[in-house]
Every structure is written in C-alpha cells, then in structure tokens.
Amino acid sequence: MSKGVTPQSENYAAWYTDVVTKARLADYGPVKGTMVIRPYGFSLWDNIKEALDKMLKDTGHVNAYFPLFIPKSYLSREADHVEGFAKECAVVTHTRLMAGPDGGVVVDPASKLEEEVIVRPTSETVIWAMYKKWIQSYRDLPLLINQWANVVRWEMRTRLFLRTTEFLWQEGHTAHATAAEAKQEALSILELYRRLAEDYLAMPVLTGLKSEAEKFAGAEHTYCIEAMMKDKRALQAGTTHYLGQNFAKAFNVTFQNKDNREELVYATSWGVSTRLVGAVVMTHGDDKGLRLPPRIAPFQVVVIPITRNVEQKKAVTDYLQPVLDGLDKLNVRVHVDWRDESPGFKFNDWEMKGVPLRLEVGPRDVENGKAVLVRRDTFVKAIVEKDAIIHLIPKLLDEIQQSLFDQAVAHRAEHTHTAASYAEFKDIIANQGGFIRCGWDGTTETEMLIKNETKATIRLILPDEQIAGLKCIYSGQPARHEVIFAKAY
RNA sequence: CGGAGCGUGGCGUAGUCCGGCAGCGCACCUGAAUGGGGUUCAGGGGGUCGCGAGUUCAAAUCUCGCCGCUCCGACCA
C-alpha cells in the first residue's frame with residue numbers, strides 16, 4: 001500500500017476511494033456493489049444518526065421497524081412507484097439450499113415460492129398496508145413514524161457510500177388528515193435535513209423542489225437538499241416527498257373525519273442515507289485525507305504521547321491525566337494513541353482519519369508545563385500552557401466546525417454561475433463545472449435536451465425564484481422557474 | 001445486455017511472447033536500537049499462479065473449455 005492518497009487534482013474519483021479505504025471508513029464486501037462499514041466509518045454514521053434521531057423525536061416522531069421482505073404484488077399497487085423501482089429489485093424465489101453434486105450447495109428446486117418476495121428498495125408499500133389496519137379515525141392522525149433500516153437497490157454502477165447495492169438510511173412515513181398538514185410536514189423535515197447538513201456536517205445545502213423528471217416515483221412533490229462537492233458536482237443529500245393521496249388510494253387507507261365522513265389520508269415520506277458519509281468526505285477532504293467536522297467526528301481530539309522510555313511514559317501519563325479528566329467532563333471525545341509507532345506515522349495516520357485536533361505531549365512539554373496543539377483544518381500549530389488546554393479545546397472545536405462550513409460556502413459561491421446564453425451555459429458545464437442558476441421554461445423536453453447535450457440536470461427549483469422577465473436558458477421562452485443546473489452524482 | 005481488459009501470498013505487481021527451483025515492493029511476526037512529521041537494522045512466516053481438462057520428461061508460461069472481476073455505453077439516494 002502506498003503512503004498517501006491520489007491528489008484530488010490528479011484524479012478525484014481515485015482520491016475519494018483512497019480516502020474512504022485508507023481512513024478505514026469502509027471496505028468492499030464480497031458481493032458486487034456491497035460495502036462493509038468499518039468501525040471508524042460506522043462511528044461517524046452513528047453520530048450523524050444520533051443527531052437526526054434526536055431532532056425527529058423532538059418533533060414528535062417515533063421509531064418502529066417494518067420487515068425487509070415485501071410481497072411482490074404490493075409493489076404493483078401504485079403505478080408510478082413500480083415504474084421507478086422495478087428495474088432494481090432483488091427477488092427471493094426459493095427458500096432452501098441443498099448439497100450439490102460437487103460438494104457445494106445448489107438451490108433446492110422444490111422450495112420455489114408460490115408468491116415471490118422482494119427485498120425492500122424502500123418501504124412505502126408495506127408500511128401503507130399496515131397503516132390501513134391502524135388508521136380509522138381522525139384521532140389516529142397524524143401518524144408520524146420513522147424507521148432506521150437497510151434497503152436494497154440493485155445498482156449497475158456502485159461507489160462506496162455514494163451508491164451501493166445495500167445501504168442504511170432512515171425513512172419517515174407520515175399520514176395526515178389534510179393536504180396542507182402533509183405538505184407542511186414535508187417542508188418541516190426538509191428544514192431538519194438542512195440543519196443536520198449545515199449545523200452538524202458543516203455542509204451548506206440548497207433546498208428546493210425537484211422537477212417532474214427528477215422527483216420520487218409515486219410523489220406529488222419531491223423536495224431536496226443539494227450540496228456541492230469539491231469537484232464542483234452536485235450531490236443530492238436528502239429528499240422529502242409530499243405523496244398526496246397516491247398511496248392512500250393504492251392501499252385504500254381512509255379515516256373518518258369529525259363530520260363522520262370517510263376520507264383518504266394524505267402522506268409524506270422522507271429519507272437520508274449513509275450517502276451523507278460520502279458527502280462529508282467530498283465536502284471537506286483534502287490531499288492529506290479526511291477533515292471531519294467536530295460535531296460528528298468519532299474522535300474530536302487525538303493525543304500523541306512522545307516518549308522514549310518507561311520513565312517518560314510514566315511522566316507523560318501522569319501529566320496527561322488531569323487534562324483527560326477535564327476533557328471527559330466537558331464530553332469532548334478524546335483518543336490517546338499509545339501504539340508503538342513513530343510520532344510521524346501517527347500524525348499522518350490521524351490526519352488521514354480527519355481528527356479535528358491533535359495534542360502532542362512529550363518530555364519537553366512535561367518539563368515546561370506545555371503541550372503542542374495542531375488544527376487539522378489549517379495545520380496551524382500552537383504551543384499552549386497545560387492549564388489552558390481544557391478551555392482552549394472546546395473553543396477551537398467550535399472554530400473548526402465554523403471554519404469548515406465557511407470554506408464550503410465560499411467554494412460553492414465561487415463555483416455558482418449565471419449564464420447569459422445557452423452557448424455560455426454549455427461552456428461553463430464543459431470547462432468549469434459548478435452550479436448554474438438560470439431560467440427554465442418548465443418543460444420536460446427542454447430538461448431532457450439539456451441533459452443529453454451537456455449531462456447537466458436540474459438539481460432543484462429555487463424556493464425564492466425570481467422569474468419576472470427571466471427567459472429559459474435553452475428555448476428563450478419566458479421562464480416558468482428559476483433553477484440550478486449541474487452535473488450530479 | 002453490447003465493447004475493452006485483467007485474474008500470481010493480505011494489497012500492488014514481475015515472470016507468460018521464447019515451458020526448466022515462483023521473484024520484488026508494501027503490509028504482517030520476532031528482536032534490538034530509534035522516537036517532536038510516514039525511523040532503521042537483523043531475522044522470520046505466508047502461494048491449490050481463478051477453476052477444469054489436454055500437450056509435455058517438465059506448465060504461472062502452450063491449447064481448449066468454464067468461472068470471476070474491473071473499466072466504458074442505457075438507470076439511480
């Protein structure tokens with residue numbers, strides 16, 4: 001294994017894979033397209049999950065768990081929904097193996113299932129089949145359920161975290177008495193996602209509405225948070241859907257309102273996935289490896305003791321103890337690296353893993369009552385008084401969190417363009433990349449032509465769009481919407 | 001599913017044309033020194049050369065068949 005990572009400027013895709021594997025976030029699983037999330041990567045996901053789970057619970061949502069297996073017939077209940085997922089479903093057809101002729105195992109043909117079972121690509125259908133049983137009256141609404149689960153989509157081309165055959169996510173499924181309330185729910189969750197991305201992942205996002213072509217199969221409206229990666233491509237980081245009465249109709253889910261009349265319920269669904277881990281990597285990483293935002297970093301501080309003999313080891317251990325106790329009281333996540341490796345090796349290793357702060361403590365420091373503190377984001381090195389460490393660290397962690405966010409905002413601003421003409425639009429997409437903010441005539445035809453000619457797609461329709469006097473970048477017709485175009489993951 | 005390529009210790013590879021003891025780097029283990037930016041020296045372990053047939057005194061190498069993977073074209077959080 002070589003020492004560093006492929007530089008971003010040389011090959012961004014190779015850089016990404018290098019960082020993910022060398023920082024030990026994940027590894028490839030044995031089945032094509034599958035991924036093992038390693039402890040360090042899972043810890044990162046856990047912190048993201050914990051933050052969002054709390055936000056959801058604070059807003060009245062509850063967790064539950066629905067089955068992995070779905071009757072094949074359920075998927076066909078909602079026409080658009082089948083259309084969207086049929087091509088990527090794993091199907092269980094048999095339930096038994098038997099000894100094969102050459103000592104291996106073969107599928108037992110006698111165990112063929114009467115009705116085949118699919119592995120969920122998403123859970124709308126099972127959940128709505130259950131909601132039919134649980135919802136009778138307006139008193140049962142709203143129903144605000146979330147589940148943390150794995151789902152399977154048999155993808156052709158996969159990349160660690162960004163697109164894998166199986167992935168982890170949360171999917172919220174809510175039922176409401178009115179359309180207005182359901183629409184509000186989709187927007188409220190979108191706001192939670194924005195806060196998760198910006199306040200925890202330090203990743204600025206645009207929020208907005210998806211075009212017809214890009215929206216979720218089965219939804220009336222899809223909203224999204226969309227981020228710009230360091231290679232200037234767009235990444236959809238989360239979606240919320242207003243489903244109208246589509247699933248209520250498909251599964252015949254009705255309730256009696258206050259006037260004793262039967263009505264179909266209104267629905268939403270929404271999700272973010274382990275793709276967020278990939279988003280963090282591609283938003284903040286540099287040629288030294290990861291740079292993790294302190295609020296979600298598995299370790300916020302790594303301590304590198306520098307000692308040459310047992311006496312020094314003892315001295316450093318004693319010297320460190322009150323500092324570690326103090327940080328522990330402040331709930332700072334600290335790891336002391338006592339491995340028998342050279343300090344230089346450890347510096348590089350933890351930089352690859354993106355730990356926000358490094359504290360070096362050696363014999364010189366013990367003697368002088370000091371320590372060396374180094375920021376991962378700027379590499380600024382400071383010799384600090386021992387007694388100041390405990391007060392300094394939380395402050396620095398906040399600064400790093402903010403600094404990473406600011407850098408990402410600046411990067412996005414620098415690469416967000418306007419285009420005066422379609423010729424300029426094509427030139428920007430082909431030669432510079434980034435986001436282009438422009439007018440669109442609202443037709444799927446225009447959207448598809450632009451996609452085919454440039455590979456750029458509409459990432460979202462801006463919520464604060466200004467269309468007065470605006471023309472479509474392609475057709476020149478009066479714009480129906482102001483949108484962001486970009487090449488996307 | 002169409003086009004190109006590749007399968008050799010954990011990873012990356014040389015050797016394949018022209019058959020003759022399976023080699024190198026990293027990683028790993030042991031010991032010693034070293035330790036404030038990827039430390040050095042010494043010793044060591046680990047291989048059905050993707051699988052199966054065939055040719056041959058002899059196959060990683062030649063022939064045939066099979067399997068798997070990667071990359072590129074139509075889909076997607």
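Naming: A, B, ... by sequence-line order, numbering from 1 per chain.
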**OP:** Using a heavy-atom cut-off of under 4.0 Å over every strand shown, decide if Gly271(A) touches base, sugar-phosphate, or nothing.
**Re:** nothing
Original post:
Tell me: CD1 of Ile225(A) to P of A77(B), nearest whole Å?
Top reply: 14 Å
Original post:
Over how many whole Å does the gap from Arg308(A) atom CZ to U34(B) atom P extend?
Top reply: 9 Å
Original post:
Does the pair Asp337(A)/Arg339(A) count as a salt bridge with the N-to-O cut at 4.0 Å?
Top reply: yes
Original post:
Counting only heavy atoms not in Gln184(A), do more than 12 fall under 6.0 Å of its CD?
Top reply: yes
**OP:** Give one of base, sugar-phosphate or nothing for Val372(A), where a contact means two heavy atoms less than 4.0 Å apart.
**Re:** base
Subject >> Per-pair stack call Phe345(A) and G37(B), 5.5 Å, 30° >> reply: no
**OP:** Round to a whole Å and report the spacing from CD of Glu341(A) to P of C29(B).
**Re:** 9 Å
**OP:** Answer yes or no for Lys230(A) and Tyr12(A): cation-pi contact, defined as NZ/CZ to six-membered ring centre under 6.0 Å and angle to ring axis within 45°.
**Re:** no
Subject >> Interatomic distance at P, G20(B) relative to G31(B), whole Å >> reply: 41 Å
Subject >> C41(B) versus U34(B) - spacing of their C1' atoms, nearest Å >> reply: 11 Å
**OP:** Could you check how far NZ of Lys451(A) sits from P of G73(B), rounded to whole Å?
**Re:** 13 Å
Original post:
Atom CD1 of Ile383(A) and atom C1' of G36(B): how far apart are they, to the nearest Å?
Top reply: 10 Å
Original post:
In whole angstrom, what separates Glu360(A)'s CD from G36(B)'s C1'?
Top reply: 6 Å
**OP:** Write down the distance separating the C1' atoms in G52(B) and A60(B), rounded off to the nearest Å.
**Re:** 16 Å
Subject >> Between C64(B) and C57(B) - C1' atom distance, rounded Å >> reply: 23 Å
Subject >> Asp349(A) (side chain) and G38(B) (base): donor-acceptor pair under 3.5 Å >> reply: no
**OP:** Determine the contact category for Thr274(A): base if any of its heavy atoms lies under 4.0 Å from a base atom, sugar-phosphate if only primed atoms, P, OP1 or OP2 are that close, otherwise nothing.
**Re:** nothing
Original post:
Base, sugar-phosphate, or nothing: which does Ile304(A) touch, judged by heavy atoms less than 4.0 Å apart?
Top reply: nothing
Subject >> Distance below 4.0 Å between Arg275(A) side-chain N/O and A77(B) OP1 or OP2 >> reply: no
Original post:
Any stems for RNA chain B, made of 3 or more Watson-Crick or G-U pairs in a row, each with both distances under 3.5 Å?
Top reply: B:1-7 with B:67-73, B:10-13 with B:23-26, B:28-33 with B:39-44, B:50-54 with B:62-66
Original post:
Which of these nucleotides, C75(B), A77(B), G36(B), is closest to any side-chain atom of Phe347(A)?
Top reply: G36(B)
Original post:
Going by atom types only, do Ser211(A) and Glu447(A) share a side-chain donor-acceptor pair under 3.5 Å?
Top reply: yes
Original post:
Which is true for Arg159(A) with a 4.0 Å heavy-atom rule: it touches a base, it touches only sugar-phosphate, or it touches nothing?
Top reply: nothing
Original post:
Want to settle it: does Ala488(A) or Glu351(A) sit nearer the 5' end of RNA chain B, counting the closest nucleotide to each?
Top reply: Glu351(A)
Original post:
How far, in whole Å, is C6(B) from G12(B) if one measures between their P atoms?
Top reply: 16 Å
Original post:
At under 4.0 Å, does any side-chain N or O of Ser342(A) touch on OP1 or OP2 of U39(B)?
Top reply: yes
**OP:** Tell me, with the steps shown, if Tyr489(A) and Met282(A) meet side-chain contact (heavy atoms from CB on, under 4.5 Å).
**Re:** CA-CA 11 Å; Tyr489(A) 274 95; Met282(A) 291 198 293; 3.5 Å; yes
Original post:
Quick one: side-chain contact (heavy atoms from CB on, under 4.5 Å) partners of Asp287(A), sequence neighbours excluded?
Top reply: Pro7(A), Gln8(A), Trp15(A)
Subject >> Closest nucleotide among G38(B), A77(B), G36(B) to the Asn348(A) side chain >> reply: G38(B)
Original post:
Between G37(B) atom P and Asp337(A) atom CG, what is the distance in whole Å?
Top reply: 15 Å
Subject >> Options A77(B), G36(B), C75(B), nucleotide nearest the side-chain atoms of Arg163(A) >> reply: A77(B)
**OP:** Could you tell me whether Lys215(A) and Asp80(A) have a side-chain N and a carboxylate O separated by less than 4.0 Å?
**Re:** no
Original post:
How far does the C1' atom of U61(B) sit from the matching atom of G7(B), given to the nearest Å?
Top reply: 15 Å
**OP:** Please state how far atom CD in Glu214(A) lies from atom C1' in C76(B), giving the value in whole angstrom units.
**Re:** 10 Å
Original post:
Without hydrogens or angle criteria, can the side chains of Asn11(A) and Thr6(A) be said to hold a donor-acceptor pair below 3.5 Å?
Top reply: no
Original post:
Do His61(A) and Trp270(A) have ring centroids that are under 6.0 Å from one another?
Top reply: yes
**OP:** Could you please name the option among G37(B), C76(B), G35(B) that lies closest to any side-chain atom of Pro343(A)?
**Re:** G35(B)
**OP:** Can you run down the side-chain hydrogen bond (donor to acceptor under 3.5 Å, both in side chains) pairs that involve residues 356-368 of chain A, sequence neighbours left out, and say none if there aren't any?
**Re:** Glu351(A)-Arg358(A), Arg358(A)-Glu360(A)
**OP:** For nucleotides C17(B) and A59(B), find the distance between their P atoms and express it as a whole number of Å.
**Re:** 14 Å
**OP:** Please work out if Lys381(A) contacts a base, only the sugar-phosphate, or nothing of the nucleic acid, heavy-atom cut-off 4.0 Å.
**Re:** base
**OP:** Provide the distance between the two C1' atoms, one in A42(B) and one in G36(B), to the nearest whole Å.
**Re:** 27 Å
**OP:** Mind checking Lys370(A) for me? I need base, sugar-phosphate or nothing, with any heavy atom below 4.0 Å counting as a touch.
**Re:** nothing
**OP:** Have a look at Phe167(A) and say if it touches a base, only the backbone sugar-phosphate, or nothing, with a 4.0 Å heavy-atom cut-off.
**Re:** base
Subject >> Side chain Arg358(A) and base G37(B) donor-acceptor under 3.5 Å >> reply: yes
Subject >> Sugar-phosphate, base or nothing in reach of Thr164(A), heavy atoms under 4.0 Å >> reply: base
Original post:
For the base of G35(B), is there a side-chain donor-acceptor partner from Asp340(A) under 3.5 Å away?
Top reply: yes
